[in-house]
Amino acid sequence: MLPVQEAESIILNLVQPFDPRLETQVVELSAATNRILAATVTSNLDFPHWDNSAMDGYAVRYSDVQSCNREQPVVLTIVEEIPAGYQPQCEVKPGQASRIFTGGCMPKGADTVVMQENTKLQDNQVMILEAPQPQAFVRHRASFYQAQTSLMKPGIRLGAPEIAVLAAAQCNQLTVYRRPRVAIFSTGNELVTPDQPLKPGQIVDSNQYALGTFVSLLGGVPIPMGIVRDQPDDLKNAIANAISEADMVLSTGGVSVGDYDYVDKILAQLGAEIHIHSVAVKPGKPLTVATFTSPLPNSPEDSDLSSTPSCLKRPVLYFGLPGNPVSALVSCWRFVKPALLKLSGLPEEVSKPVFVKAIACNDLHAGGGRETYLWGQLCLDAAGNHEFHLASGSHSSGNLINLAYTNGLAVVPIGKTLIRAGESVLVLQVG
């Protein structure tokens with residue numbers, strides 16, 4: 001069994017990220033949500049677009065008001081009102097001011113804004129009661145961003161803040177990495193789909209749905225390939241089809257040492273290079289990681305691949321996951337997620353698992369022989385410190401029920417059998 005850190009390192013080293021020259025597509029801004037940027041973005045616009053006011057008040061010449069106070073106020077004549085979206089028509093000359101609102105363009109001649117709380121309005125004149133700082137409350141053109149410089153760099157996932165910036169910058173088309181295609185199938189004679197009535201000894205294939213959702217949430221394209229019976233020929237055909245369709249393959253079941261566990265044998269027959277057979281982790285000890293060299297997938301569903309040279313090849317990464325549903329998801333969170341994120345175009349340092357220190361709110365038990373992951377909820381206490389609450393009930397790898405609401409996995413290191421409530425524990429953030 002490989003130590004967890006060594007297994008993680010091997011897996012990440014196997015991942016060949018998408019090529020920013022060949023494995024990208026151009027999408028409209030409206031279709032860019034959750035995509036990963038593949039090319040630097042620039043804008044033709046300065047931010048702010050023009051000098052504007054950060055406050056409701058009066059646009060003045062600083063030289064007119066620099067010495068005033070409440071005992072000796074300065075009285076200025078108002079020449080214009082400037083709401084947001086209005087282009088000033090009048091130059092502010094000595095002894096004058098323009099009424100201005102937040103976001104309004106600074107008029108010619110004015111260099112400072114006096115907030116309205118420090119003024120008194122009298123007909124068409126305004127009394128300035130306090131001297132402002134020079135250029136107070138003026139947002140200068142290009143002080144946030146200068147046109148034609150780098151606005152966003154490759155390797156970031158486009159969420160709501162990034163989409164907002166790109167919309168404001170009028171960046172309507174973006175070059176993004178194509179989405180990784182992930183084939184998913186479950187093995188086992190005992191499996192049935194959720195719409196079938198259960199017979200004695202049968203179980204519902206929940207893994208197909210869990211892993212499909214897992215892939216979708218990470219920005220990939222799941223390719224569900226159904227249930228494969230524990231027959232070598234069926235399994236061989238399924239794996240061959242999967243590696244021809246996908247960048248990554250996730251199968252569940254068939255990777256332990258039972259009489260019906262054929263995955264490793266079939267992988268070897270198909271020419272795979274097997275890098276990992278098992279990991280010293282609980283749950284999830286049986287984990288097969290292999291690679292195939294295969295032409296890039298090219299499917300009508302991925303029009304972004306239409307210009308990809310057919311001669312380009314990349315390793316297809318194969319994960320043979322445990323069949324137990326908890327073990328399958330824990331293995332995905334710990335090992336598959338960083339591989340999928342790196343493949344997608346995110347930097348490796350961003351792709352790696354995120355651990356936080358938390359206070360255990362329950363006793364955490366482990367056998368001590370393997371690195372153990374206990375699922376539960378990570379939250380913040382009133383002081384803003386992380387707490388970990390262990391999920392109630394059995395922590396069996398076959399008990400899927402109490403995995404609901406999980407957002408963290410507490411880590412009990414090898415050699416440790418107990419972390420007491422109140423002690424510090426390292427928690428892997430999941431979701």
Side-chain angles (χ1 to χ4, degrees), residues 2 4-18 34 36 157 179-187 206-225 239 242-243 245-255 263-264 267 272 274-292 314-346 348 350-355 371 373 375 397 400 403 406-409 411 428-431:
L2 286 177
V4 171
Q5 292 293 337
E6 185 177 345
E8 176 193 303
S9 179
I10 289 172
I11 291 168
L12 284 175
N13 286 336
L14 291 173
V15 177
Q16 179 182 315
F18 288 153
N34 207 34
I36 297 175
R157 191 180 294 280
R179 295 190 294 168
R181 293 170 55 82
V182 182
I184 302 168
F185 64 87
S186 306
T187 69
S206 61
N207 286 337
Q208 189 92 198
Y209 294 84
L211 301 193
T213 301
F214 165 82
V215 169
S216 295
L217 290 174
L218 293 177
V221 180
I223 307 171
M225 303 188 73
I239 294 176
I243 63 175
E245 293 271 341
D247 304 290
M248 181 181 290
V249 180
L250 306 180
S251 69
T252 56
V255 291
V263 169
D264 285 15
L267 290 174
I274 300 178
H275 305 273
I276 296 173
H277 288 281
S278 64
V279 182
V281 63
K282 184 179 181 180
K285 172 186 170 183
L287 175 68
T288 294
V289 180
T291 49
F292 291 89
R314 65 159 55 257
V316 175
L317 193 56
Y318 187 103
F319 286 91
L321 305 170
N324 283 330
V326 174
S327 299
L329 268 176
V330 169
S331 297
C332 280
W333 286 325
R334 186 61 185 88
F335 301 113
V336 179
K337 181 179 179 179
L340 186 56
L341 293 180
K342 182 180 176 182
L343 174 66
S344 302
L346 289 174
E348 184 169 321
V350 177
S351 305
K352 287 188 173 182
V354 177
F355 294 88
E371 186 166 299
Y373 292 80
W375 50 98
S397 59
L400 181 60
L403 195 65
T406 291
N407 67 354
L409 299 174
V411 183
L428 170 65
Q429 292 183 314
V430 304

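Keep in mind the model is a prediction, meaning the values are calculated, not measured.
Not one N or O on the side chain of Arg181 forms a donor-acceptor pair closer than 3.5 Å with the backbone of Ile223. A donor-acceptor pair is defined here as one N or O able to donate and one able to accept, closer than 3.5 Å; no such pair exists between the side chain of Thr288 and the backbone of Gly320.
Using a 4.5 Å cut-off on side-chain heavy atoms (C-beta onward), Ile274 and Tyr318 make no contact. The shortest side-chain heavy-atom distance between Val289 and Ile10 does not fall under the 4.5 Å cut-off. Under the 4.5 Å side-chain criterion, counting only non-hydrogen atoms from C-beta, Leu321 is in contact with Val336. Side chains of Asp247 and Phe18 form a contact here, defined as non-hydrogen atoms less than 4.5 Å apart. Using a 4.5 Å heavy-atom threshold, the side chains of Ile11 and Ile276 count as touching. Counting only heavy atoms from C-beta outward, the side chains of Pro224 and Tyr209 never approach each other to under 4.5 Å. Counting heavy atoms from C-beta on, the side chains of Glu371 and Gln5 never come closer than 4.5 Å. For the pair Phe319/Leu317, a side-chain contact is recorded, criterion being any heavy-atom separation below 4.5 Å from C-beta on.
Within the model, atoms CG of Asn34 and CZ of Arg157 stand 4.5 Å from one another, a figure rounded to the nearest 0.5 Å. Here the straight-line distance linking atom CD1 of Ile36 with atom OG of Ser344 works out to 4.5 Å at 0.5 Å rounding. Rounding to the nearest 0.5 Å gives a distance of 12.0 Å between CE of Met225 and CG of Leu250. In this structure, Lys282 NZ and Ser397 OG are separated by 8.0 Å, a value rounded to the nearest 0.5 Å. Of the inter-residue distances, the one linking Ile239 atom CD1 with Leu267 atom CG reads 4.5 Å to the nearest 0.5 angstrom. Atoms CG and CH2, on Leu428 and Trp333 in that order, are 9.0 Å from each other to the nearest 0.5 Å.
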Checklist entry - Does the pair Leu341 and Val350 meet the rule for a side-chain contact (heavy atoms from CB on, under 4.5 Å), with working shown? => result CA-CA 8 Å; Leu341 293 180; Val350 177; over 6 Å; no

Next on the checklist: Checking Val281 against Arg334 for the side-chain contact (heavy atoms from CB on, under 4.5 Å) test, could you report, in this order, the C-alpha distance in whole Å, the side-chain angles of both residues, the deciding distance, and whether it holds?
Outcome noted: CA-CA 10 Å; Val281 63; Arg334 186 61 185 88; 5.7 Å; no

Item to check | side-chain contact (heavy atoms from CB on, under 4.5 Å) between Val215 and Ile184, intermediate numbers included | outcome: CA-CA 10 Å; Val215 169; Ile184 302 168; 4.1 Å; yes

Next on the checklist: Between Phe335 and Val279, is the side-chain contact (heavy atoms from CB on, under 4.5 Å) condition met? List the steps.
Outcome noted: CA-CA 11 Å; Phe335 301 113; Val279 182; 3.9 Å; yes

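Closest approach of Gly220 and Arg179 over heavy atoms only: O-NH1, 4.4 Å. Taking each heavy atom of Val430 and Gly408 in turn, the nearest pair found is CG2-N, 3.6 Å. In terms of heavy-atom proximity, Ala328 sits nearest to Thr252 at CB-CG2, 4.1 Å. In this structure, Pro283 and Ser327 approach most closely via the heavy-atom pair CB-OG, 3.3 Å. Summarising the geometry of Pro338 relative to Leu12, their closest heavy-atom pair is O-CD2, 3.7 Å, with the distance given to 0.1 Å. When every heavy atom of Leu400 is checked against every heavy atom of Ser206, the shortest pair comes out as CD2-OG, 3.6 Å.
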